[in-house]
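Report on one structure; see the data block that follows.
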Amino acid sequence: QVQLVESGGGSVQAGGSLRLSCAASGYTTRNNCMGWFRLAPGREREGVARISPDGDTRTYGDSVKDRFTISKDNAKNTVYLQMNSLKPEDTAMYYCAALGGFCRSFTQWSAYGAYWGQGTQVTVSS
């Protein structure tokens, strides 16, 4: 059974940083694409970042480029999202996701059977 468990969310002031973690069980981060998405009230789900199976390719949503960094530790089967220079508009529920095989565009993950975590809330105050 695949489980993705996020942690590290919380409340922070604008300009601050948070580091999210996603621990995977029943699933290996080594050979699969891993990603982060977010959902804010009144908005559509947004792809934040994804990392290729070999870890060499990282793709970011336009709104988080140069501020967020995705990484993974295959030995720990864990994916991270380092978020710097946070803005109030980054406030959302953040979800870890896993997609079998190579990465696809953010909009295709559900259609290709991605697994999803339960989410962790990030709140950024001005």
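For this chain, numbers begin at 1 and follow the sequence in order.
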Within a reach of under 6.0 Å around CG of Asp66, are more than 12 heavy atoms found that belong to other residues, nucleotides or ligands?
no

Heavy-atom closest pair, residues Arg50 and Cys33
CB-SG, 4.3 Å

With sequence neighbours left out, which residue pairs that include part of residues 106-126 fulfil the salt bridge (Lys or Arg N to Asp or Glu O under 4.0 Å) condition?
none

Give a yes or no answer on whether the side chain of Lys72 reaches the backbone of Pro53 with a donor-acceptor pair at less than 3.5 Å.
yes

Is there a path from Tyr80 to Tyr95 through hydrophobic residues (I, L, V, M, F, W, Y) whose side chains come within less than 4.5 Å of each other?
no

Non-hydrogen atoms of Ala92 and Arg38 that approach each other most closely:
CB-CB, 3.8 Å

Does some side-chain heavy atom of Leu4 sit less than 4.5 Å from a side-chain heavy atom of Met34?
yes

List in chain and number order the residues that pass side-chain contact (heavy atoms from CB on, under 4.5 Å) with Asp62, two or more places apart in sequence or in another chain; answer none if no residue qualifies.
Lys65

What I'd like to find out is whether the side chain of Thr28 reaches to under 4.5 Å of the side chain of Asn77, using heavy atoms alone.
yes

How many angstroms lie between CD in Glu6 and OG1 in Thr120, if you round to the nearest 0.5 Å?
7.0 Å

Could you see if Leu39 belongs to whatever hydrophobic cluster contains Leu99? Use Ile, Leu, Val, Met, Phe, Trp, Tyr and a side-chain cutoff under 4.5 Å.
yes

Polar side-chain atom of Thr123 near backbone of Thr91 as donor-acceptor pair, under 3.5 Å:
no

Among residues at least two apart in sequence or on other chains, which ones pass ring-ring contact (aromatic ring centres under 6.0 Å, His included) with Phe106?
Phe37

Any heavy-atom pair between the side chains of Met83 and Val64 that's under 4.5 Å?
no

Please check if any side-chain donor atom of Glu89 sits under 3.5 Å from a side-chain acceptor atom of Ser63, or the reverse.
no

Is there a path of hydrophobic side-chain contacts, each under 4.5 Å between heavy atoms, that joins Trp36 and Trp109?
no

How close do Ser52 and Asp56 get, heavy atom to heavy atom, and via which atoms?
OG-N, 3.3 Å

What pairs of donor and acceptor atoms, side-chain ones from residues 110-118 against any protein atom, are under 3.5 angstrom apart with sequence neighbours left out?
from, atom 1, to, atom 2, distance (Å)
Ser110, OG, Arg45, NH1, 3.4
Ser110, OG, Arg45, NH2, 2.8
Trp116, NE1, Ala114, O, 3.4

Can you list the residues that meet the side-chain contact (heavy atoms from CB on, under 4.5 Å) rule with Arg58, with sequence neighbours excluded?
Ile51, Tyr60, Thr69, Ile70, Ser71

Can you measure from CG (Asp54) to CG (Asn74) and round to the nearest 0.5 angstrom?
10.0 Å

Which pairs would a plain distance check flag for residues 8-22, meaning a side-chain donor or acceptor within less than 3.5 Å of a matching protein atom at least two apart in sequence or in another chain?
from, atom 1, to, atom 2, distance (Å)
Ser17, OG, Asn84, OD1, 3.0

